[in-house]
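Have a look at the structure below before the remarks.
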2 protein chains.
Amino acid sequence: MHIITRNHKHLADRLVGRRKQFTKGCRIVLEALKNTQGTPSAQDIALQLKNSLSNQAPGLTTVYRSLELLARLGIVQVVTFRDGERRYELISPGEHFHHLICEQCGKTTRISACIIDGLAQSISTEYSFMVKSHVLELYGLCKQCNDSTNNAIPNLLVEVS
Amino acid sequence: MHIITRNHKHLADRLVGRRKQFTKGCRIVLEALKNTQGTPSAQDIALQLKNSLSNQAPGLTTVYRSLELLARLGIVQVVTFRDGERRYELISPGEHFHHLICEQCGKTTRISACIIDGLAQSISTEYSFMVKSHVLELYGLCKQCNDSTNNAIPNLLVEVS
DNA sequence: ACTAAAATTGAAAACGATTTCCGTTTCTAT
DNA sequence: ATAGAAACGGAAATCGTTTTCAATTTTAGT
Ligand SMILES: [Mn+2]
Ligand SMILES: [Mn+2]
Ligand SMILES: [Zn+2]
Ligand SMILES: [Zn+2]
């Protein structure tokens with residue numbers, strides 16, 4: 001906890017609004033996100049903490065509140081896939097990711113490829129809209145699922161919509 | 001056998017799949033979508049129908065069921081913005097849209113500009129992932145909101161994150 | 001260290017969108 | 001007309017998330 005406090009001390013200065021402090025709960029949630037790969041939901045995190053920390057684990061409410069703060073601080077990205085559940089992943093401030101989501105096995109893959117550069121410019125001129133952020137998620141089949149599906153039903157159509 | 005069939009009717013429904021017919025409820029909901037611009041939620045639609053058709057209006061449950069069928073038929077696109085509420089809009093089969101969402105006034109604009117063409121190909125080769133569909137939504141400020149918030153800076157800035 | 005004020009915590013309750021249940025109504029085919 | 005199948009709709013359930021609020025912990029002033 002000392003390490004994390006030191007590493008993110010600069011963030012503590014920016015705390016404004018409801019949540020004012022970078023608390024132990026936040027530190028624990030941040031730690032959990034660091035140690036987890038994937039894109040867990042708040043309940044995933046709370047459960048994992050309950051399993052690893054038992055009675056020391058922060059409650060679900062605190063997990064939600066911590067995630068909200070971390071997101072506001074810019075070190076957590078909130079992502080929502082088709083099931084509507086909010087999921088969270090660690091980022092560096094200013095960074096963002098997109099995802100490949102397998103519709104069959106549910107596996108998600110972070111990708112940093114971003115296509116916004118030209119688009120934002122053309123949107124700006126065509127619609128007079130200032131793009132400040134964007135969401136891009138790609139749905140389809142991962143290699144394994146695509147292979148196994150093609151074996152069962154050979155030559156399935158390749159549709160890009 | 002009648003008793004058993006009746007008691008487990010809901011299970012059988014789930015196995016076979018739900019909606020089978022294009023019913024009056026669907027027709028009414030479809031009509032409502034045609035006459036509405038914007039991207040209404042199921043509750044928006046139900047309320048509007050209640051206002052216009054009074055006791056003839058389909059109930060909220062039927063609105064949900066109709067929207068589900070219309071989406072499955074490919075003539076309704078389901079979109080979810082940051083508030084997580086599902087919204088619906090009419091499309092031609094195979095068609096899809098993206099949106100500009102003003103973070104200040106909430107105005108949304110459909111755009112048909114699509115960036116998937118090159119991306120799906122490069123994703124396929126780099127990640128062996130078959131892209132079948134995608135979600136792209138752009139958040140920012142519409143012209144009016146941008147002008148009123150930064151009247152000091154008349155030029156439209158393009159911030160891409 | 002003491003103490004009062006401020007902030008955080010978490011269990012329970014509230015919330016809101018969506019889904020499920022199930023009795024009633026409508027449709028369809030004979 | 002009749003029976004079986006499907007749809008309807010209101011109530012209840014579900015589920016992720018937020019709010020409430022009393023208790024606890026932390027902070028800041030002395
Ligand atoms: Mn991007
Ligand atoms: Mn597209
Ligand atoms: Zn897969
Ligand atoms: Zn606006």
Side-chain angles (χ1 to χ4, degrees), chain A residues 1 5 9 12-13 15-30 39-50 53-73 76 78-88, chain B residues 1-30 39-47 49-50 53-73 76 78-88:
Chain A
M1 74 174 179
T5 304
K9 191 167 173 64
D13 301 331
L15 296 168
V16 281
R18 3 156 109 212
R19 195 96 326 200
K20 316 246 160 124
Q21 299 184 10
F22 196 85
T23 62
K24 188 168 71 172
C26 284
R27 258 176 272 129
I28 292 175
V29 170
L30 184 52
T39 309
S41 68
Q43 314 216 42
D44 291 339
I45 296 166
L47 183 62
Q48 182 206 307
L49 289 173
K50 187 63 76 181
L53 299 180
S54 189
N55 62 329
Q56 300 286 351
L60 180 57
T61 310
T62 295
V63 170
Y64 274 111
R65 285 190 283 228
S66 300
L67 289 168
E68 185 218 332
L69 174 57
L70 294 172
R72 194 146 38 88
L73 292 176
V76 156
V78 184
V79 309
T80 306
F81 301 148
R82 289 218 169 114
D83 67 359
E85 193 170 0
R86 258 120 108 183
R87 299 176 167 277
Y88 305 85
Chain B
M1 91 173 188
H2 295 296
I3 294 169
I4 292 174
T5 304
R6 184 157 187 78
N7 282 351
H8 297 281
K9 182 172 177 301
H10 55 288
L11 293 179
D13 282 349
R14 234 178 288 161
L15 289 175
V16 169
R18 303 178 187 159
R19 207 88 319 208
K20 317 242 162 120
Q21 300 181 11
F22 195 85
T23 62
K24 187 169 71 170
C26 284
R27 249 174 279 128
I28 292 175
V29 169
L30 184 52
T39 309
S41 68
Q43 316 218 36
D44 290 340
I45 295 165
L47 183 61
L49 288 174
K50 187 62 76 182
L53 299 180
S54 189
N55 62 329
Q56 300 286 351
L60 179 58
T61 309
T62 294
V63 171
Y64 273 111
R65 285 190 283 228
S66 300
L67 289 168
E68 185 217 334
L69 174 57
L70 294 172
R72 219 167 59 227
L73 292 177
V76 156
V78 185
V79 308
T80 306
F81 301 147
R82 289 218 169 116
D83 68 359
E85 195 171 358
R86 259 121 104 184
R87 299 177 167 277
Y88 305 85

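A, B, ... follow the sequence lines: proteins, then strands. Residue 1 opens every chain. Atom set for the values below is all heavy atoms of this structure, side chains included, hydrogens, waters and symmetry mates excluded.
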Inset, instruction - Enter the distance from A:I28:CD1 to A:Q56:CD here, rounded to the nearest 0.5 Å. - result: 7.5 Å
Inset, instruction - May I ask you to verify if any side-chain N or O of B:R27 is less than 4.0 angstrom from the OP1 or OP2 atom of D:dA7? - result: no
Inset, instruction - Any chance you could measure B:R86, atom CZ, to B:E68, atom CD, to the nearest 0.5 Å? - result: 9.5 Å
Inset, instruction - Taking only the side-chain heavy atoms of B:T23 (C-beta and beyond), determine which of C:dT19, D:dC8, C:dT9 contains the nearest atom. - result: D:dC8
Inset, instruction - Decide yes or no for A:V78 and B:R82: does some side-chain heavy atom of the first lie under 4.5 Å from some side-chain heavy atom of the second? - result: no
Inset, instruction - Going by the side-chain contact (heavy atoms from CB on, under 4.5 Å) test, name the single residue among B:T62, B:V63, B:L69 that passes it with B:S66. - result: B:T62
Legend entry - All ring pair (Phe, Tyr, Trp, His ring centres under 6.0 Å) counterparts of B:Y64, not counting sequence neighbours: none
Legend entry - Rounded (10°) bend between the five-pair end axes of the helix from C:dA1-D:dT30 to C:dT30-D:dA1: 30°
Inset, instruction - Using a heavy-atom cut-off of under 4.0 Å over every strand shown, decide if A:G84 touches base, sugar-phosphate, or nothing. - result: nothing
Legend entry - DNA chain C: 5'-proximal contact among B:Y64 and B:K24 (nearest heavy atom): B:Y64
Legend entry - A:I28 CD1 - C:dT8 C1' separation (whole Å): 13 Å
Inset, instruction - Measure the shortest side-chain to side-chain distance between A:Y88 and A:L70 over non-hydrogen atoms and say whether it is less than 4.5 angstrom. - result: no
All N/O contacts under 3.5 Å from nucleotides 9-13 of chain D to the protein, with atom names and distances to one decimal?
unit_1	atom_1	unit_2	atom_2	d
D:dG9	OP2	B:G59	N	3.0
D:dG9	OP2	B:T62	OG1	2.7
D:dG9	N7	B:R65	NH2	2.3
D:dG9	O6	B:R65	NH1	3.2
D:dG9	O6	B:R65	NH2	3.4
D:dG10	N7	B:T61	OG1	3.4

